[in-house]
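Position 1 is the first residue of the sequence; numbering continues from there. We count ligands from 1, going down the list as the structure has it; atoms in each ligand are counted the same way.
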Amino acid sequence: MAKEHEIAASADIRTGEMTPVRLGRSTIILTRLSCGTLRAVSGRCPHMGANLQFGCITGMAQGPEYGKIEMTRENEVLRCPWHGFEFDLRTGDPAVPAPKGQAMKLRLYEAKERDGRVYVSS
Ligand code: FES
């Protein structure tokens with residue numbers, strides 16, 4: 001059964017910013033999507049273990065043709081600082097298909113807010 005841990009104040013978690021917190025021996029990154037939804041994800045990249053708190057939160061660059069690129073889904077993508085892989089903060093999936101045979105899903109934690117505090121289950 002998952003255990004719930006109080007790990008931060010709700011007011012400290014802002015859209016487009018990363019708030020790293022320790023949970024046991026692990027680091028968890030807290031952030032908010034543009035819609036205000038709280039997200040808690042592993043602080044280690046599933047590719048080669050980089051510390052994701054030194055990456056950035058961004059959006060998805062997409063376009064129908066060469067030279068017509070626009071940024072969409074602002075604050076819903078986390079980019080790793082080492083090799084630049086990007087992960088969808090809604091699902092944990094990589095933004096582009098993972099290299100063959102590699103498990104590249106970013107771990108998401110169940111996170112809740114209650115009485116101005118953030119709780120994560122592990
Ligand atoms: S360690 Fe994160 S993309 Fe390689």
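- Contact annotation: for W82 versus ligand 1, heavy atoms closer than 4.0 Å belong to the side chain alone.
- Residue side and main chain included, C80 places an N/O/S atom under 2.8 Å of atom 2 (Fe) of ligand 1.
- For atom 2 (Fe) of ligand 1, the N/O/S atoms of H83 include none lying under 2.8 Å.
- Between E70 and K68 there is no salt bridge, since no side-chain nitrogen of the basic residue lies less than 4.0 Å from a carboxylate oxygen of the acidic one.
- Protein heavy atom at the shortest distance from atom 3 (S) of ligand 1 is F85 CD1, 3.0 Å.
- A donor-acceptor contact closer than 3.5 angstrom is absent between the side chains of R44 and T27.
- Among the atoms of H47, an N, O or S atom falls under 2.8 Å from atom 4 (Fe) of ligand 1.
- Atoms of ligand 1 found under 4.0 Å from any heavy atom of A50 (numbered from 1 in listed order, with element): 1 (S).
- Distance alone, capped at 3.5 Å, is enough to place a donor-acceptor pair between the R32 side chain and the I13 backbone.
- No side-chain donor from either of R117 and Y119 sits under 3.5 Å from a side-chain acceptor of the other.
- Note that CD1 of I28 is 7.5 Å distant from OG of S42, once rounded to the nearest 0.5 Å.
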